[in-house]
2 protein chains.
Amino acid sequence: MKLSTKGRYAVTAMFDIALHHHEGPVSLSDISERQGISLSYLEQLFARLRGQGLVKSTRGPGGGYSLAMDSERIAIADVIDAVDENVDATRCGGTTDCQNHRRCLTHGLWEDLSDQIRGYLSGISLAQAVSEMHVRQVSDRQDHQLHHVETV
Amino acid sequence: MKLSTKGRYAVTAMFDIALHHHEGPVSLSDISERQGISLSYLEQLFARLRGQGLVKSTRGPGGGYSLAMDSERIAIADVIDAVDENVDATRCGGTTDCQNHRRCLTHGLWEDLSDQIRGYLSGISLAQAVSEMHVRQVSDRQDHQLHHVETV
DNA sequence: CAAATAACCTAGTAAACTACTCAGGTATTG
DNA sequence: CAATACCTGAGTAGTTTACTAGGTTATTTG
């Protein structure tokens with residue numbers, strides 16, 4: 001599991017689709033405008049997201065991308081894994097005979113770490129993340145209103 | 001929090017020191033040979049680790065690096081943070097007015113995520129990781145012996 | 001004291017990755 | 001048929017990664 005900005009772009013885009021899902025397919029140009037990500041970069045990311053079966057596409061006018069399954073069934077980990085090719089952080093190519101004819105030092109440690117983080121991100125669905133954001137937005141708005149009242 | 005191979009190199013090196021701590025300071029050339037990491041790259045990494053006060057150096061023959069504090073008090077997160085400059089994954093420079101005059105979509109989500117992972121890695125000390133590895137090695141050896149008996 | 005050791009420092013570099021532009025396709029709708 | 005929007009590939013500036021090369025400085029040992 002690799003954590004970088006690239007994965008964040010993908011999550012942001014999937015987030016955007018989840019938010020506008022009810023209006024039908026979401027075009028990449030809409031996402032590009034709303035999220036400030038270049039269209040071509042989005043196209044690259046969505047080629048992978050589609051390849052992993054996370055989104056499905058509809059061509060032609062009014063077309064765009066929609067979630068391939070319910071947003072409850074898409075985990076943040078799936079999205080990140082789809083766009084970030086795994087870096088082989090172990091550098092052993094899957095073998096256990098990687099360093100001086102023995103398991104390299106951090107092989108197990110790093111695997112455990114990766115597993116743990118993937119586990120955490122697998123437990124969070126797009127749906128959960130979206131609803132969490134709504135809660136945050138409401139409390140932000142309330143904070144803002146409160147502040148407004150105080151200053152008046 | 002960024003997760004990449006660079007942080008893994010740093011953790012591996014710190015691991016090596018923790019394992020050879022009792023023999024006095026550990027030289028970078030020893031780590032280089034044992035872990036298969038280039039000497040100069042280690043020098044770059046240790047400049048940062050020293051700057052963060054995680055290791056202390058002794059010059060001259062028989063010198064090297066030793067842990068600046070007890071291995072129980074050094075968290076994996078500290079090591080990774082020392083070498084991986086934070087990527088500002090939010091791309092907002094700390095402001096909350098990052099995208100179209102509102103908090104960008106995944107700002108909060110990504111912060112939560114980062115916090116959670118940092119929290120996990122802060123809870124694992126070098127000492128814990130080392131002892132975990134020892135357990136793993138013993139069970140590996142037992143597996144190997146068992147296999148040997150079976151095949152004989 | 002001299003030589004060996006090892007930290008410390010600076011510069012450069014091939015390869016990979018990031019985020020992007022450009023320039024075309026192809027499928028679908030009105 | 002024309003507009004839309006997916007799809008594909010090439011190219012690219014900037015950054016990061018992991019490394020090589022070539023020093024200097026501090027310390028120990030013969």
Side-chain angles (χ1 to χ4, degrees), chain A residues 2-13 16-17 20 23-52 54-68 80 83-91, chain B residues 2-13 16-17 20 23-51 54-68 80 82-91:
Chain A
K2 183 182 168 188
L3 272 190
S4 64
T5 49
K6 193 174 185 179
R8 185 175 184 271
Y9 277 99
V11 172
T12 304
D16 190 275
I17 293 181
H20 298 86
E23 305 158 21
V26 181
S27 74
L28 291 189
S29 42
D30 282 358
I31 300 178
S32 171
E33 208 178 320
R34 275 196 294 258
Q35 305 302 331
I37 310 171
S38 91
L39 182 61
S40 287
Y41 197 43
L42 282 173
E43 279 170 343
Q44 283 178 40
L45 296 178
F46 273 80
R48 286 168 178 269
L49 291 171
R50 198 172 69 97
Q52 290 300 311
L54 296 175
V55 293
K56 51 189 178 188
S57 59
T58 6
R59 289 186 158 196
Y65 285 94
S66 30
L67 303 180
I80 293 175
V83 296
D84 275 330
E85 53 255 57
N86 44 338
V87 200
D88 184 23
T90 59
R91 214 194 198 183
Chain B
K2 181 183 169 187
L3 273 191
S4 62
T5 50
K6 192 176 185 179
R8 185 176 182 271
Y9 277 99
V11 172
T12 305
D16 190 275
I17 293 181
H20 298 86
E23 305 159 19
V26 181
S27 74
L28 291 189
S29 43
D30 281 358
I31 301 178
S32 171
E33 207 178 320
R34 276 194 295 257
Q35 305 303 331
I37 310 171
S38 89
L39 182 60
S40 285
Y41 196 42
L42 282 173
E43 280 172 344
Q44 282 177 40
L45 297 178
F46 273 80
R48 286 167 180 269
L49 291 171
R50 199 172 67 96
L54 295 175
V55 294
K56 51 190 176 189
S57 59
T58 7
R59 289 186 159 196
Y65 286 94
S66 30
L67 302 180
I80 294 175
V83 297
D84 275 331
E85 52 256 56
N86 44 339
V87 201
D88 184 24
T90 59
R91 214 191 197 188

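Order of the sequence lines fixes the chain letters, A, B, ..., with proteins taken first and strands second; residue numbering starts at 1 for each chain. Bear in mind that the values here come from a model prediction, so they are computed numbers and not experimental data.
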Quick one: label A/Tyr65 by what it contacts on the DNA or RNA (base, sugar-phosphate, nothing), any heavy atom closer than 4.0 Å.
-> sugar-phosphate

Starting at the 5' end of DNA chain D and moving along, which residue's nearest nucleotide shows up first, A/Phe46 or B/Leu39?
-> A/Phe46

Report the relative orientation of the aromatic rings in B/Tyr9 and B/Tyr41; use parallel for angles under 30°, tilted for 30 to 60°, perpendicular for over 60°.
-> perpendicular

Nearest-Å distance for atom pair CG/P, residues A/Leu45 and D/dC6 | 13 Å

Can you check each nucleotide of nucleotides 23-30 of chain C against protein heavy atoms at under 4.0 Å and return B for base, S for sugar-phosphate only, - for none, in 5' to 3' order?
-> ---BSBB-

B/Lys2 vs C/dT18: side-chain N/O to OP1/OP2 distance below 4.0 Å | no

How many Å lie between CD1 on A/Ile17 and C1' on D/dA5, as a whole number?
-> 13 Å

To the nearest angstrom, how far is B/Ile31 atom CD1 from C/dA6 atom P?
-> 12 Å

Measure from NZ on A/Lys6 to C1' on D/dT15 and round the result to the nearest Å.
-> 14 Å

Which sits closer to the 5' end of DNA chain C, B/Gln44 or B/Ser29, going by the nucleotide each is nearest to?
-> B/Ser29

Between A/Lys56 and A/Leu67 the two heavy atoms that sit nearest each other are CE-O, 3.7 Å

Under 4.0 Å: is that the gap between some side-chain N or O of A/Arg50 and OP1 or OP2 of D/dC6?
-> no

Which heavy atom in B/Gln35 sits nearest to a heavy atom in B/Thr12, and how many Å separate them?
-> OE1-CG2, 3.5 Å

For the pair made of CZ in A/Arg48 and C1' in D/dT8, what is the distance, rounded to whole Å?
-> 14 Å

Separation of D/dC19 atom C1' from B/Ile37 atom CD1, nearest Å, is 12 Å

Reckon B/Leu28 touches a base, only the sugar-phosphate, or nothing at all at heavy-atom distances under 4.0 Å?
-> sugar-phosphate

Where do B/Gly64 and B/Pro25 come nearest, in terms of heavy atoms and distance?
-> N-CB, 3.6 Å

Atom-to-atom span, CD of A/Glu33 to P of D/dA5 - whole angstrom = 12 Å

Separation of atom CG in A/Leu42 from atom C1' in D/dA5, rounded to whole Å = 13 Å

Closest to the A/Tyr41 side chain, choosing from C/dA11, C/dC8, C/dC20 = C/dC20

Just to confirm, is there a sub-4.0 Å distance from OP1 or OP2 of D/dT16 to any side-chain nitrogen or oxygen of B/Ser4?
-> no

Just compare D/dT17, C/dT18, C/dA19 and give me whichever is closest to any side-chain atom of B/Thr5.
-> D/dT17

Compute whether any side-chain donor of one residue and acceptor of the other, for A/Ser29 and A/Ser27, lie under 3.5 angstrom apart.
-> yes

Quick one: do B/Val26 and B/Arg34 satisfy side-chain contact (heavy atoms from CB on, under 4.5 Å)? Show the steps, please.
-> CA-CA 11 Å; B/Val26 181; B/Arg34 276 194 295 257; 3.4 Å; yes

Of the options A/Leu45, A/Leu39, A/Ile17, which is the one that meets A/Ile31 in a side chain to side chain contact (heavy atoms under 4.5 Å, CB included)?
-> A/Ile17

